[in-house]
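Working notes, beginning with the structure itself.
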Amino acid sequence: MDESRRERKKRQTRRLIAETAIRLFGERGYEQTTVAEIAAAADVATKTFFNHFPSKEDVLFTGTRERNAVLLAVIAGRRPGESLPDLLTRMYEKLLADYRAEGVEAEDPELMKTYTRLVMTVPALQAKALYMSFELQKEIAETLVKVYPDELDPVGAAAVVGSVIGAVQGAALASMDLGEPEERFWASMRRGFDLALRGLSR
């Protein structure tokens, strides 16, 4: 029970710091906001900040590696006879459900908009997001080759993964540029996914 309470407290503190940081980034600008300011606004010590996040940019990618591990586990656990489109759809729906339920922005639509705008417009965060996206694409492609050895080779798997992730990211950017409301934003991402997976002829 004591361990459970400690872990719960850690998660709450981590979430508080992340939410506080995103709000400050949105109000003051990412580059202009310091770790000390985030810690003060969250009413924690600067040391506590670094106990949870290695750097300022890591605040915006909290939970990313854990979510990526879940995606890879979905693929590795391919169901008997499950087609590639069906598996990718299940993977996408799992990611979306977990992100919307557990992400630091999940309970606050405005916070989600701020988070998305930051990651897609601040050069340092764009670079971090692209690097992590490329790494994830590589891991997904390698896992797909393992579970579809008779259907996919490394080049084909990389092409499939790149087209799907690129379509989702492109749709998200276009939706943001149009200023679409939250539900339209998610619907636009799903449309990008479906177009990449099923093709324009559908």
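Computed from heavy atoms alone, side chains included, the values below leave out hydrogens, waters and symmetry copies. Count residues from 1 along the sequence. Just so you know, these numbers come straight off a predicted model, no measurement behind them.
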Q | Pair Ser83-Asp86, side-chain hydrogen bond (donor to acceptor under 3.5 Å, both in side chains): steps then yes or no | A | CA-CA 5 Å; Ser83 69; Asp86 286 345; 3.2 Å; yes
Q | Cluster companions of Phe134 among Ile, Leu, Val, Met, Phe, Trp, Tyr (side-chain spacing under 4.5 Å) | A | Leu130
Does a side-chain heavy-atom distance below 4.5 Å link [X] with [Y]?
X      : Y      : result
Arg15  : Gln12  : no
Phe25  : Gln32  : no
Leu125 : Leu60  : yes
Ile38  : Thr46  : no
Val119 : Gln126 : no
Arg65  : Met132 : yes
Leu173 : Gln169 : no
Arg28  : Glu37  : yes

Q. Is a side-chain donor or acceptor of Thr89 paired with a backbone partner of Pro85 at a separation under 3.5 angstrom?
A. yes
Step through the shown structure and confirm whether more than 12 heavy atoms of other residues, nucleotides or ligands are within 6.0 Å of [atom1] on [X].
X      : atom1 : result
Arg90  : CZ    : yes
Arg117 : CZ    : yes
Lys138 : NZ    : no
Asp177 : CG    : yes

Separation of [Y] [atom2] from [X] [atom1] (nearest 0.5 Å):
X      : Y      : atom1 : atom2 : value
Arg190 : Trp186 : CZ    : CH2   : 13.0 Å
Tyr148 : Asp153 : OH    : CG    : 15.0 Å
Ile165 : Leu136 : CD1   : CG    : 5.0 Å
Tyr115 : Phe61  : OH    : CZ    : 6.0 Å
Arg23  : Thr114 : CZ    : OG1   : 8.5 Å
Asn68  : Glu135 : CG    : CD    : 10.0 Å

Q: Give the intermediate values and the outcome of side-chain hydrogen bond (donor to acceptor under 3.5 Å, both in side chains) for residues Thr48 and Asn51.
A: CA-CA 5 Å; Thr48 301; Asn51 286 340; 4.8 Å; no
Any idea which heavy atoms bring [X] and [Y] closest together, and the distance?
X      : Y      : answer
Ala41  : Leu24  : CB-CD1, 3.8 Å
Val147 : Pro149 : C-CD, 3.3 Å
Phe49  : Ile17  : CD1-CG2, 3.5 Å
Ala141 : Ala157 : O-CB, 3.6 Å
Ile75  : Met91  : CD1-SD, 3.5 Å
Ala42  : Leu16  : O-CD2, 3.4 Å

Q: Decide yes or no on side chain to side chain contact (heavy atoms under 4.5 Å, CB included) for Leu84 and Leu144, but give the supporting numbers first.
A: CA-CA 9 Å; Leu84 177 58; Leu144 284 175; 3.8 Å; yes
Q.
Would Ser133 and Gln137 count as a side-chain hydrogen bond (donor to acceptor under 3.5 Å, both in side chains) here? Give the steps.
A. CA-CA 6 Å; Ser133 176; Gln137 287 183 50; 3.2 Å; yes
Q: Find out if a path of hydrophobic residues (ILVMFWY) with successive side-chain heavy-atom gaps under 4.5 Å connects Leu118 to Tyr131.
A: yes
(Q) Grouping I, L, V, M, F, W and Y whenever their side-chain heavy atoms are under 4.5 Å apart, do Val145 and Leu72 come out in a common cluster? (A) no
Q) Parallel under 30°, tilted from 30 to 60°, perpendicular over 60°: which one fits the rings of Tyr92 and Phe193? A) parallel
Q: Please lay out, stage by stage, how Thr20 and Asp43 fare under the test side chain to side chain contact (heavy atoms under 4.5 Å, CB included).
A: CA-CA 10 Å; Thr20 301; Asp43 196 24; over 6 Å; no
Q: Report the C-alpha distance between Thr64 and Lys128 in whole Å, list the side-chain angles of each, state the deciding distance to 0.1 Å, and finish with yes or no for side chain to side chain contact (heavy atoms under 4.5 Å, CB included).
A: CA-CA 12 Å; Thr64 298; Lys128 175 81 169 181; over 6 Å; no
Q: Could you go through the side chain to side chain contact (heavy atoms under 4.5 Å, CB included) check for Arg14 and Arg11 one step at a time?
A: CA-CA 5 Å; Arg14 185 180 180 89; Arg11 287 194 298 272; 5.6 Å; no
(Q) For the residue pair Ser188 / Glu180, report whether a side-chain donor-acceptor contact shorter than 3.5 Å exists. (A) yes
